[in-house]
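To start, the structure itself, in structure tokens.
Hydrogens, waters and symmetry mates play no part in the numbers below; they use all other heavy atoms, side chains included. Here, residue 1 is the first one in the sequence, and each next residue gets the next number.
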Amino acid sequence: MTEPFFSDVESIPYEGPDSDNPLAFRWYDADRVVAGKTMAEHLRFGVCYWHSFAWDGSDIFGAGTLDRPWNPATASGAAAALEPMAAAQLKMEAAFEFFEKLGAPFFSFHDIDIAPAGATFAESARNLDEMVEVAAGHMERTGTKLLWGTTNAFSHPRFMAGAATNPDPEMFRYAAAQVAHCMTATKRLDGANYVLWGGREGYETLLNTDMNREIDQLGRFMNLVVEHKHAIGFEGTILIEPKPMEPTKHQYDYDVATVFAFLQKYGLENEIKVNIEVNHATLSGHDFQHEVATAVNSGIFGSIDANSGDDRLGWDLDRFPVSVEQMTLGMLEILRGGGFTTGGLMFDTKLRRQSIDRNDLFHGHIGGMDVMARSLLAAARILEVDELEQWRHARYAGWTSELGNSIMNGGVTLADLHEQQLASDVEPSTSSGRQEMLEGIVARTIERAR
């Protein structure tokens with residue numbers, strides 16, 4: 001680009017909680033040490049390529065609204081005449097300008113986000129290879145790293161009946177080829193993870209679906225992915241992103257518990273972890289913190305797509321995080337589980353269609369990063385004070401007794417417990433769960449966390 005795309009923004013500074021500058025961080029201080037690590041090390045923020053730069057603001061009811069001159073649907077003048085690869089390079093320049101000015105250490109992409117599809121798979125692969133080299137140059141110049149790469153095997157009409165779960169093995173082969181090539185690209189860019197989201201891996205009706213066959217196909221596909229990871233020496237983590245529905249009526253990776261059962265069935269529980277999206281968690285009927293806790297307890301916690309939905313709308317909105325309370329409870333479970341290793345907080349978020357100023361992209365990410373930073377402070381303080389943990393441990397103190405130990409270590413049978421209860425004249429006593437008090441502790445900690 002001859003001129004910066006975000007020409008009236010230099011870099012986003014940290015100015016503290018009392019700042020009124022909308023283009024400054026109030027809570028995210030990258031170098032501040034919290035619970036033994038810097039905020040940057042804890043949070044590992046990333047910007048997604050697809051919503052931020054590939055999407056033009058269109059939806060099923062209307063055309064694009066966003067100023068994205070590299071997109072043919074919304075470009076005008078000389079930009080409208082750009083060849084696809086030239087447009088991809090223009091888009092990438094704007095993207096890395098944004099990453100650098102925001103100070104986000106990571107980004108993520110789908111293959112078709114950064115490189116245009118060609119007339120054949122081979123041409124698409126060549127386009128991706130070329131743009132990967134361009135990205136490598138931008139990454140070296142800016143210091144931005146790749147949190148994860150992924151394949152879009154859901155948008156093209158060929159995948160209308162799924163990719164791995166398609167009734168046609170030729171579609172399976174095409175999707176497998178895409179994943180193989182994109183994983184190699186992710187390895188070339190030293191990506192920390194590779195994500196698989198099964199947008200079409202599900203069904204609309206069981207009338208035309210052999211569900212058992214399709215899930216077996218998905219299990220075979222995932223085993224092929226893991227085999228390829230080891231074959232090419234990719235050292236990142238493979239992640240599945242659960243979602244209950246949309247675009248299909250039912251997706252096979254419904255939630256974290258479903259994914260864990262699937263991984264166990266196909267012998268993959270030690271090879272694949274989960275990338276949890278907040279809005280997907282709530283669509284599945286769970287709280288964000290529930291999905292994190294389930295993943296941590298199952299040993300498959302990997303990464304987070306940090307966003308939010310709307311309680312009154314039953315679809316995936318991909319709003320920026322706005323609730324410190326919601327995110328504090330999620331961060332609490334992340335810290336309890338030891339924090340991120342290869343994962344991080346990826347903003348799988350998009351502007352509202354009416355947010356058409358170029359700088360609105362900064363406002364959304366600044367707000368989201370501040371929400372997550374303040375949530376980190378609150379969660380770390382909750383663990384430091386230990387009041388919540390003390391109450392939780394006290395609630396289960398009975399399980400350290402002779403009775404509790406005998407039950408858990410296999411020292412008694414069901415018949416033994418029956419006989420013991422028959423011989424006892426004592427009614428077990430109840431105790432308060434103290435939920436309201438504990439919620440008050442969380443609220444006070446959020447209010448006071450600085």
Side-chain angles (χ1 to χ4, degrees), residues 42-44 147-148 150 164-165 192-199 201-202 211 215-216 218-227 229-230 234-245 250-307 326-346 348 375 379 382-383 388-389 392-393 395-396 399 407-410:
H42 272 296
L43 299 170
R44 293 171 60 85
L147 190 65
W148 46 264
T150 187
T165 59
N193 308 273
Y194 189 85
V195 169
L196 296 144
W197 175 61
E201 312 308 324
M211 183 163 59
I215 294 175
D216 276 347
L218 188 59
R220 178 62 183 140
F221 192 94
M222 293 301 174
N223 269 282
L224 287 170
V225 169
V226 169
E227 291 167 9
K229 167 193 168 173
H230 295 302
F234 175 55
E235 297 181 356
T237 304
I238 304 296
L239 303 171
I240 288 178
E241 183 172 323
K243 188 179 182 183
M245 80 287 283
H250 175 86
Q251 284 187 204
Y252 296 135
D253 52 5
Y254 192 94
D255 59 8
V256 171
T258 303
V259 171
F260 185 52
F262 168 83
L263 295 177
Q264 290 177 305
K265 179 177 181 180
Y266 294 100
L268 296 166
E269 67 272 21
N270 296 319
E271 294 283 358
I272 297 178
K273 298 184 185 299
V274 287
N275 179 52
I276 300 168
E277 180 172 317
V278 179
N279 201 173
H280 293 180
T282 53
L283 287 175
S284 67
H286 303 308
D287 291 324
F288 170 40
Q289 65 266 28
H290 168 89
E291 288 291 83
V292 175
T294 301
V296 169
N297 294 340
S298 302
I300 58 170
F301 176 71
S303 195
I304 296 292
D305 276 5
N307 61 15
Q326 180 189 39
M327 295 303 165
T328 294
L329 296 174
M331 284 303 306
L332 181 60
E333 298 303 327
I334 292 171
L335 294 182
R336 278 174 172 163
F340 292 114
T341 53
T342 62
L345 292 171
M346 178 58 58
D348 186 354
S375 299
I382 289 169
L383 291 178
L388 218 63
E389 294 300 299
R392 192 162 69 156
H393 291 156
R395 190 178 184 213
Y396 295 93
W399 286 94
I407 292 171
M408 294 307 294
N409 64 21

**OP:** Classify the side-chain pair D305/N275 by whether it contains a donor and acceptor separated by less than 3.5 Å.
**Re:** yes
Original post:
In terms of side-chain heavy atoms, does E271 have a donor or acceptor partner in H230 at a distance below 3.5 Å?
Top reply: yes
Subject >> Residue pair I300 / V256: nearest heavy atoms and the distance that separates them >> reply: CD1-CG1, 4.1 Å
Original post:
Do I276 and S303 come close enough that some side-chain heavy atom pair is under 4.5 Å?
Top reply: no
Original post:
What is the distance from atom CG of L335 to atom CD1 of I382, rounded to the nearest 0.5 Å?
Top reply: 9.5 Å
Subject >> CA sep, side-chain torsions, deciding dist, call: E241, T150, side chain to side chain contact (heavy atoms under 4.5 Å, CB included) >> reply: CA-CA 11 Å; E241 183 172 323; T150 187; over 6 Å; no
Original post:
After noting the C-alpha distance and the side-chain angles of M346 and I304, does the key distance pass the side chain to side chain contact (heavy atoms under 4.5 Å, CB included) rule?
Top reply: CA-CA 6 Å; M346 178 58 58; I304 296 292; over 6 Å; no
Original post:
In Å, rounded to the nearest 0.5 Å, how long is the span from NZ of K265 to CG of L218?
Top reply: 10.5 Å
Original post:
Which one of I238, T342, N193 satisfies the side chain to side chain contact (heavy atoms under 4.5 Å, CB included) criterion with W148?
Top reply: N193
Subject >> R336 side chain near L383 side chain, heavy-atom distance below 4.5 Å >> reply: yes
Subject >> Note, I240 side chain near W197 side chain (heavy atom, < 4.5 Å) >> reply: no
**OP:** Give a yes or no answer on whether the side chain of T282 reaches the backbone of N279 with a donor-acceptor pair at less than 3.5 Å.
**Re:** yes
Subject >> Salt bridge present between K229 and E235 (N-O < 4.0 angstrom) >> reply: no
Original post:
Would you say the side chains of D253 and Q251 form a donor-acceptor pair under 3.5 Å?
Top reply: yes
**OP:** Report yes if some heavy atom in the side chain of L332 is under 4.5 Å from a heavy atom in the side chain of Q289; otherwise report no.
**Re:** no
Subject >> Nearest atoms (heavy-atom pairs only) where H42 meets F340 >> reply: O-CD1, 3.1 Å
Original post:
Closest approach of F288 and G330, non-hydrogen atoms and distance?
Top reply: CE2-CA, 3.5 Å
Subject >> For the student: nearest non-hydrogen atoms of M245 and L283, plus distance >> reply: CE-O, 4.0 Å
Original post:
When rounded to the nearest 0.5 angstrom, what is the spacing between CG in L224 and CZ in R220?
Top reply: 4.0 Å
Subject >> Nearest heavy-atom neighbours spanning G219 and L268 >> reply: O-CD1, 4.4 Å
Subject >> Residue pair T258 / D255, side-chain donor-acceptor N/O under 3.5 Å >> reply: yes
**OP:** May I ask you to test the Y254-V259 pair for a side-chain heavy-atom distance under 4.5 Å?
**Re:** no
Original post:
Where does the angle between the aromatic ring planes of H250 and Y252 fall among parallel (under 30°), tilted (30 to 60°) and perpendicular (over 60°)?
Top reply: perpendicular
Subject >> Check: F301 and V292 side chains under 4.5 Å, non-hydrogen atoms >> reply: yes
Original post:
Do K273 and L263 have side chains that get closer than 4.5 Å, going by heavy atoms?
Top reply: no
Subject >> Heavy-atom closest pair, residues P244 and H280 >> reply: CD-O, 3.6 Å
Subject >> Residue pair T165, F221: steps toward the side chain to side chain contact (heavy atoms under 4.5 Å, CB included) verdict >> reply: CA-CA 9 Å; T165 59; F221 192 94; over 6 Å; no
Original post:
Is E201 salt-bridged to K243, going by a charged N under 4.0 Å from an acidic O?
Top reply: no
**OP:** Would you check, one step at a time, whether the test side chain to side chain contact (heavy atoms under 4.5 Å, CB included) holds for D287 with L329?
**Re:** CA-CA 9 Å; D287 291 324; L329 296 174; over 6 Å; no
Original post:
Are L345 and R44 close enough that some pair of their side-chain heavy atoms sits under 4.5 Å apart?
Top reply: no
